[in-house]
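Since the model is a prediction, treat every value here as computed from it, not as a measurement.
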Amino acid sequence: MGLIHIELFATLDLVGQSPGGPQEDPVGFPFGGWQAPLLDETTGAQVTAAYQGTDALLLGRRTYDIFAAYWPHQEGGEDNEIATLFNRVPKYVASRGRPDLSWRGSRVLGPDLASAVREVRDRHEHVKVVGSLNLVQTLLREKLFDRIDLWVHPIVLGVGKKVFDGGAVPTNVTLLEPPVANLKGTVYLRYGLADGTPGTGDMTASDRHG
């Protein structure tokens, strides 16, 4: 069985909507492209390293449509390494509709999404979920993930769809490596799914001092 990695870019208030550009959600969200001013070489290197070993992409319909319109035309350019990878590996799309699957290696998942995702995980070693917040909500709810890479950016938007917006269930995770911050204040966090559910305690004076 392989691993499902969720790759997420979020603000300090954990808004994950439309980080890449206004065209991702052109109606009703005024901050599309909020990530662009905060990118630097450190973050770029982290993202590239995070994709190493990827042998499949798992995407929601909106993210798939954006990627399919962009990445097939980027080989040989500035983003050649990621473009070559994304164009080469199989792409699995979570959609209730009938997306255009002309991007090489693309296929739609079956109506039983949880079962379909488990089959994808059994078929591949390192499956990456990029963006795709609606899909992420399902994966969090079903605990169908093994790793979360989270880039937290030093801005607060106050509006927009959040990473953990109604889809999560009580879950323990463990930090896989020390956090890394770039010079612009973006913090990179890597978590792995852990056993059990969050515990509780009593922060009274007697509890603190034994």
Trainee: Sorted by first residue and then second, give each salt bridge (charged side-chain N to carboxylate O under 4.0 Å, His left out) pair with at least one member in residues 119-130; sequence neighbours left out.
Mentor: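 Applying salt bridge (charged side-chain N to carboxylate O under 4.0 Å, His left out) to every pair that reaches into residues 119-130, excluding sequence neighbours, yields Arg121-Asp146.
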Trainee: Kindly compute the distance separating CG (Leu8) from CG (Asp149), expressed to the nearest 0.5 Å.
Mentor: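 Between Leu8 CG and Asp149 CG, I get 8.5 Å after rounding to 0.5 Å.
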Trainee: Check the hydrophobic clustering (I, L, V, M, F, W, Y; side-chain heavy atoms under 4.5 Å; chains of links allowed) and say if Leu58 and Val136 are grouped together.
Mentor: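 They do share one cluster, since a chain of ILVMFWY contacts under 4.5 Å joins Leu58 to Val136.
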Trainee: Quick check against the 3.5 Å criterion: does Lys184 have a side-chain atom that pairs as donor or acceptor with the backbone of Pro37?
Mentor: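 Yes, the answer is positive, given that a donor and an acceptor are paired below the 3.5 Å cut-off.
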Trainee: At their closest point, which heavy atom of Leu140 faces which heavy atom of Ala168, and how far apart are they?
Mentor: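 Answer, listing the atom of Leu140 first, then Ala168: CB-CA, 4.1 Å.
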Trainee: Distance-only, no hydrogens or angles: does the Ser95 side chain make a donor-acceptor pair with backbone N or O of Gly97 under 3.5 Å?
Mentor: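 Such a contact is found between Ser95 side chain and Gly97 backbone.
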Trainee: Looking only at non-hydrogen atoms, find the nearest pair between Gly192 and Leu176 and report the distance.
Mentor: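 Closest approach of Gly192 to Leu176: N-CG, 3.6 Å.
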Trainee: Tell me the salt bridge (charged side-chain N to carboxylate O under 4.0 Å, His left out) pairs involving residues 29-42, sequence neighbours left out?
Mentor: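 For residues 29-42: none.
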Trainee: Mind jotting down which residue pairs meet the salt bridge (charged side-chain N to carboxylate O under 4.0 Å, His left out) criterion with at least one end in residues 79-107? Sequence neighbours excluded, please.
Mentor: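 Non-adjacent pairs meeting salt bridge (charged side-chain N to carboxylate O under 4.0 Å, His left out): zero.
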Trainee: Mind running side-chain contact (heavy atoms from CB on, under 4.5 Å) on Val159 and Val15 for me, showing each step along the way?
Mentor: CA-CA 7 Å; Val159 296; Val15 172; over 6 Å; no
Trainee: May I have all residue pairs that pass ring pair (Phe, Tyr, Trp, His ring centres under 6.0 Å) and include part of residues 41-64, sequence neighbours excluded?
Mentor: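 For residues 41-64: Tyr51-Phe86, Tyr64-Trp103.
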Trainee: Give, for atom OG of Ser132 and atom CZ of Phe67, the distance between the pair rounded to the nearest 0.5 Å.
Mentor: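 So the OG of Ser132 and the CZ of Phe67 are separated by 7.0 Å.
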Trainee: For residues 156-193, which residue pairs qualify under ring pair (Phe, Tyr, Trp, His ring centres under 6.0 Å), counting only residues two or more places apart or in two chains?
Mentor: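 Pairs touching residues 156-193 that pass the test: Trp151-Tyr188.
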Trainee: Do Asn87 and Glu75 touch side chain to side chain, with heavy atoms closer than 4.5 Å?
Mentor: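 When only atoms from C-beta onward are counted, Glu75 and Asn87 do touch, with a gap below 4.5 Å.
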Trainee: Partners of Asp165 by salt bridge (charged side-chain N to carboxylate O under 4.0 Å, His left out), sequence neighbours excluded?
Mentor: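 Result, salt bridge (charged side-chain N to carboxylate O under 4.0 Å, His left out) vs Asp165: none returned.
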Trainee: What's the separation between atom CD1 in Ile148 and atom CG in Leu175, rounded to the nearest 0.5 Å?
Mentor: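 Here the interatomic distance stands at 12.0 Å.
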Trainee: Going by heavy atoms in the side chains, are Arg118 and Leu144 under 4.5 Å from each other?
Mentor: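 A side-chain contact exists here, since the closest heavy-atom pair is under 4.5 Å.
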Trainee: With a 4.5 Å cut-off on side-chain heavy-atom distances among I, L, V, M, F, W and Y, is there a chain of contacts connecting Val108 to Leu57?
Mentor: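 They do share one cluster, since a chain of ILVMFWY contacts under 4.5 Å joins Val108 to Leu57.
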Trainee: Check whether any side-chain heavy atom of Val156 sits under 4.5 Å from a side-chain heavy atom of Thr11, and report yes or no.
Mentor: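 The answer is no; the side chains never approach within 4.5 Å.
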Trainee: Using residues 25-32 as the side-chain source, report each donor-acceptor pair under 3.5 Å to any protein atom, sequence neighbours left out, with the distance given to one decimal.
Mentor:
residue, atom, partner, partner atom, Å
Asp25, OD1, Arg62, NE, 3.3
Asp25, OD1, Arg62, NH1, 3.2
Asp25, OD2, Gln17, NE2, 3.4
Asp25, OD2, Ser18, OG, 2.9

Trainee: Suppose we screen for side chain to side chain donor-acceptor pair (under 3.5 Å). Which residues come up paired with Thr42, at least two apart in sequence or across chains?
Mentor: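 Checked Thr42 against side chain to side chain donor-acceptor pair (under 3.5 Å); zero matches.
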Trainee: Would you say the side-chain atoms of Asn80 and Gln74 include a donor-acceptor pair closer than 3.5 Å?
Mentor: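 Their side chains do not contain a donor-acceptor pair, so the 3.5 Å distance test is not met.
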Trainee: Do Leu113 and Leu133 share a hydrophobic cluster, counting only Ile, Leu, Val, Met, Phe, Trp and Tyr and linking them when any side-chain heavy atoms are less than 4.5 Å apart?
Mentor: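 Yes; tracing contacts between hydrophobic side chains, which count when under 4.5 Å, links both residues.
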Trainee: Can you confirm whether Asp112 is buried at CG, in the sense that more than 12 heavy atoms of other residues, nucleotides or ligands lie under 6.0 Å from that atom?
Mentor: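 Yes, CG of Asp112 has more than 12 neighbouring heavy atoms, counting only those of other groups under 6.0 Å.
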Trainee: With side-chain contact (heavy atoms from CB on, under 4.5 Å) as the criterion, how do Val187 and Val180 come out once you've worked through the C-alpha distance, each side chain's angles and the decisive distance to 0.1 Å?
Mentor: CA-CA 6 Å; Val187 180; Val180 178; over 6 Å; no
Trainee: Partners of Pro170 by side-chain contact (heavy atoms from CB on, under 4.5 Å), sequence neighbours excluded?
Mentor: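 Per chain and number, Pro170 pairs via side-chain contact (heavy atoms from CB on, under 4.5 Å) with Thr197, Pro198.
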Trainee: Sequence neighbours left out, what pairs pass ring pair (Phe, Tyr, Trp, His ring centres under 6.0 Å) with at least one residue falling in residues 118-143?
Mentor: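 As it turns out, the ring pair (Phe, Tyr, Trp, His ring centres under 6.0 Å) pairs with a partner in residues 118-143, which skip direct neighbours, are His5-His126, Tyr92-His124.
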Trainee: Can any side-chain N or O of Gln137 pair as donor or acceptor with the backbone N or O of Val163 at less than 3.5 Å?
Mentor: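 At least one qualifying donor-acceptor pair exists.
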Trainee: Between atom CG of Asn182 and atom CG of Leu38, what is the distance when rounded to the nearest 0.5 Å?
Mentor: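 Those atoms lie 8.0 Å apart.
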Trainee: Which atom pair, heavy atoms only, marks the closest approach of Ala116 to Gly110?
Mentor: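 Taking every non-hydrogen atom into account, CB-N, 4.0 Å.
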Trainee: Is Leu39 reachable from Trp71 through a run of hydrophobic residues whose side-chain heavy atoms are each under 4.5 Å from the next?
Mentor: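 Different hydrophobic clusters.
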Trainee: List the residues meeting side chain to side chain donor-acceptor pair (under 3.5 Å) with Thr138, not counting sequence neighbours, and say none if there are none.
Mentor: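 For Thr138 the side chain to side chain donor-acceptor pair (under 3.5 Å) partners, ignoring immediate neighbours, are Arg141.
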Trainee: Which pairs with one or both residues in residues 170-181 pass side-chain hydrogen bond (donor to acceptor under 3.5 Å, both in side chains), sequence neighbours excluded?
Mentor: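 Not a single pair qualifies under side-chain hydrogen bond (donor to acceptor under 3.5 Å, both in side chains).
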Trainee: Between Leu12 and Val152, is any pair of side-chain heavy atoms under 4.5 Å apart?
Mentor: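 With C-beta onward as the side chain, the pair touches.
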Trainee: Kindly work out whether a path of hydrophobic side-chain contacts (I/L/V/M/F/W/Y, heavy atoms less than 4.5 Å apart) joins Leu150 to Ile155.
Mentor: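 In one cluster: no.
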Trainee: Give, for atom CG of Leu3 and atom CG of Leu193, the distance between the pair rounded to the nearest 0.5 Å.
Mentor: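 Separation between the atoms: 10.5 Å.
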Trainee: Would you call Val130 and Leu59 a side-chain contact if the rule is heavy atoms closer than 4.5 Å?
Mentor: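 Val130 reaches Leu59 side chain to side chain.
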Trainee: Do the side chain of Thr48 and the main chain of Gly44 share a donor and acceptor less than 3.5 angstrom apart?
Mentor: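 Confirmed, Thr48 side chain pairs with Gly44 backbone.
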Trainee: Between CD of Glu24 and CD of Gln35, what distance do you get to the nearest 0.5 Å?
Mentor: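 Going from the CD atom of Glu24 to the CD atom of Gln35 covers 9.0 Å.
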